[in-house]
Amino acid sequence: MTAGRGWQLPLPYGQTYFKPPSSSGRFSDGRLLIDFLMNAMELPFLNAYLDSVGLPSFKKGCNFAAAGSTILPATATSICPFSFGIQVNQFLRFKARVLELLAKGKNFSKYLPTEDFFSKGLYMFDIGQNDLAGAFYSKTLDQILASIPTILAEFETGIKKLYDQGGRNFWIHNTAPLGCLTQNVAKFGTNPSRLDERGCVSSHNEAAKLFNLQLHALTKKLQGQYTDANVVYVDIFSIKYELISNYSRYGFEQAIMACCGYGGPPLNYDSQITCGQTKTLNGTSVTAKGCSDSTDYVSWDGIHYTEAANQFVSSKILTGKYSDPPFSDKMPFLLKLKF
């Protein structure tokens, strides 16, 4: 349930890899983490559950993620209605429908996974960042820190449902350093005293760290509880913070400034005009354009990463060193996944 799908996006979204971008629905100039990880497992890119037009194949998996989604149930002001509980219920509906159709025979097996996929498959999660980031607009840091157990209780409920439905391989990403996102630096980092030595908003990263500490404890609890399951915790925060801290060592020129945006240095971000949009600002028509070379940038649009940054992060994930339990040489469950 890794985020990034479910929207119709204009150019320059998708321009690096997907042409036309309308077939992508990814908040980047190209591929996302999930795409690089699928590639490493020699599996095709996942089709989204919500992409029902055009006879999509779900034979090797399905993506239930939606951009802007949260773990806590969506409210009237939420960016995305498909919160974690909804995504889990969509999966349950998907599974029931798949089994129903497979029982009918016919040619459905061409497009649908076989029954054993549901127990042998890998369930991947990358969610929670929007719960924290959104809360900063209306809550104090102390209130946000106090809400983390409630957020994770909701997450645990979803995992339990999936386990009860036969899921046994869980791959859980922790949340990234959201204080380093251009959007948050622009909104909450105007006072330099609120920034750390890397130019990231300290309070946002403090919330992310506490969330990750408690998420890690939850994965340990699940590992103890579900002894017949694989529960892997992946430290995305450390990988991304390392990239932002030492961006030039890894071939990048900008750690925080957005590639696609408006306003120019130091952030090239304006909350009034998002990547790809043309708007009238102060009586002048302006466009938030992409930079000439996105491989120089970590941030694509001020909120999401470039394909180049996603590739870096996925390569670090695949070393196995950032996982608990750690793995080496091969991704866990890899052999099981090559059906």
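Remember, predicted model here, so these are calculated numbers, not experimental data. Excluded from the calculations below are hydrogen atoms, water molecules and symmetry mates; all remaining heavy atoms, backbone and side chain alike, are included.
Under 3.5 Å, the side chains of N282 and T284 contain no donor-acceptor pair of N or O atoms. Counting only N and O atoms by type, the side chains of S119 and R168 include no donor and acceptor under 3.5 Å apart. Under 3.5 Å, the side chains of Q165 and K95 contain a donor-acceptor pair of N or O atoms. When only modelled atom types and interatomic distance are considered, S294 and T306 share no side-chain donor-acceptor pair under 3.5 Å. Between the side chains of D142 and T140, no donor-acceptor pair of N or O atoms lies under 3.5 Å.
Through side-chain heavy atoms spaced under 4.5 Å, either directly or across other Ile, Leu, Val, Met, Phe, Trp or Tyr residues, F237 is tied to Y241.
Note on V313 and I127: same hydrophobic cluster, where clusters join Ile, Leu, Val, Met, Phe, Trp and Tyr whose side-chain heavy atoms are under 4.5 Å apart, directly or indirectly. Residues I273 and L267 do not share a hydrophobic cluster, defined by chaining ILVMFWY side chains whose heavy atoms lie under 4.5 Å apart.
In this structure H304 satisfies the ring pair (Phe, Tyr, Trp, His ring centres under 6.0 Å) test together with F27, sequence neighbours excluded. Under the rule for a salt bridge (Lys or Arg N to Asp or Glu O under 4.0 Å), R93 has no partner lying at least two apart in sequence or in another chain. With sequence neighbours excluded, no residue forms a salt bridge (Lys or Arg N to Asp or Glu O under 4.0 Å) with K209. For K220, the side chain to side chain donor-acceptor pair (under 3.5 Å) partners are D324, not counting sequence neighbours. Evaluation of the side chain to side chain donor-acceptor pair (under 3.5 Å) rule for N246 yields E242 as partners, not counting sequence neighbours. Applying the disulfide bond (SG atoms under 2.5 Å apart) criterion to C291, with sequence neighbours excluded, gives C259. For Y163, the side chain to side chain donor-acceptor pair (under 3.5 Å) criterion is met by D228, not counting sequence neighbours. Evaluation of the side chain to side chain donor-acceptor pair (under 3.5 Å) rule for S78 yields T75 as partners, not counting sequence neighbours.
Ring planes of F64 and F91: perpendicular class, angle over 60° (limits at 30 and 60°).
Remark: R26 is positioned above the aromatic ring of F45, its terminal NZ or CZ atom under 6.0 angstrom from the ring centre and at most 45 degrees off the axis. In this structure, K240 satisfies the cation-pi test against Y305, with its NZ or CZ atom closer than 6.0 Å to the six-membered ring centre and inside 45 degrees of the ring normal.
Within 6.0 Å of atom CD in Q143, more than 12 heavy atoms from other residues, nucleotides or ligands are found, so the atom counts as buried in its surroundings.
Between the side chain of T319 and the backbone N or O of K321 there is at least one donor-acceptor pair closer than 3.5 Å. Counting only distance, with no hydrogens or angles, the side chain of E307 and the backbone of R31 share a donor-acceptor pair below 3.5 Å. Between the side chain of N174 and the backbone N or O of I236, at least one donor-acceptor pair lies under 3.5 Å.
Looking at Y123, Y226, Y233 one by one, the single match for ring pair (Phe, Tyr, Trp, His ring centres under 6.0 Å) with F170 turns out to be Y123. Of the residues H204, K139, E206, the one that meets the side-chain contact (heavy atoms from CB on, under 4.5 Å) test with I144 is K139.
Residues in residues 248-273 take part in these ring-ring contact (aromatic ring centres under 6.0 Å, His included) pairs, two or more places apart or across chains: Y250-F312. Among residues at least two apart or in separate chains, there is no disulfide bond (SG atoms under 2.5 Å apart) pair with a member in residues 212-249. Within the structure, every pair that satisfies the disulfide bond (SG atoms under 2.5 Å apart) test and touches residues 178-220, not counting sequence neighbours, is listed here: C180-C200.
Between F188 and Y137, the ring centre distance stays below 6.0 Å.
The shortest distance between side-chain heavy atoms of T278 and S285 falls below 4.5 Å. The shortest side-chain heavy-atom distance between S147 and F211 does not fall under the 4.5 Å cut-off. Residues I172 and F155 are in side-chain contact: their nearest non-hydrogen atoms beyond the backbone lie under 4.5 Å apart. The side-chain heavy atoms of K316 and Y322, taken from C-beta on, include a pair separated by under 4.5 Å.
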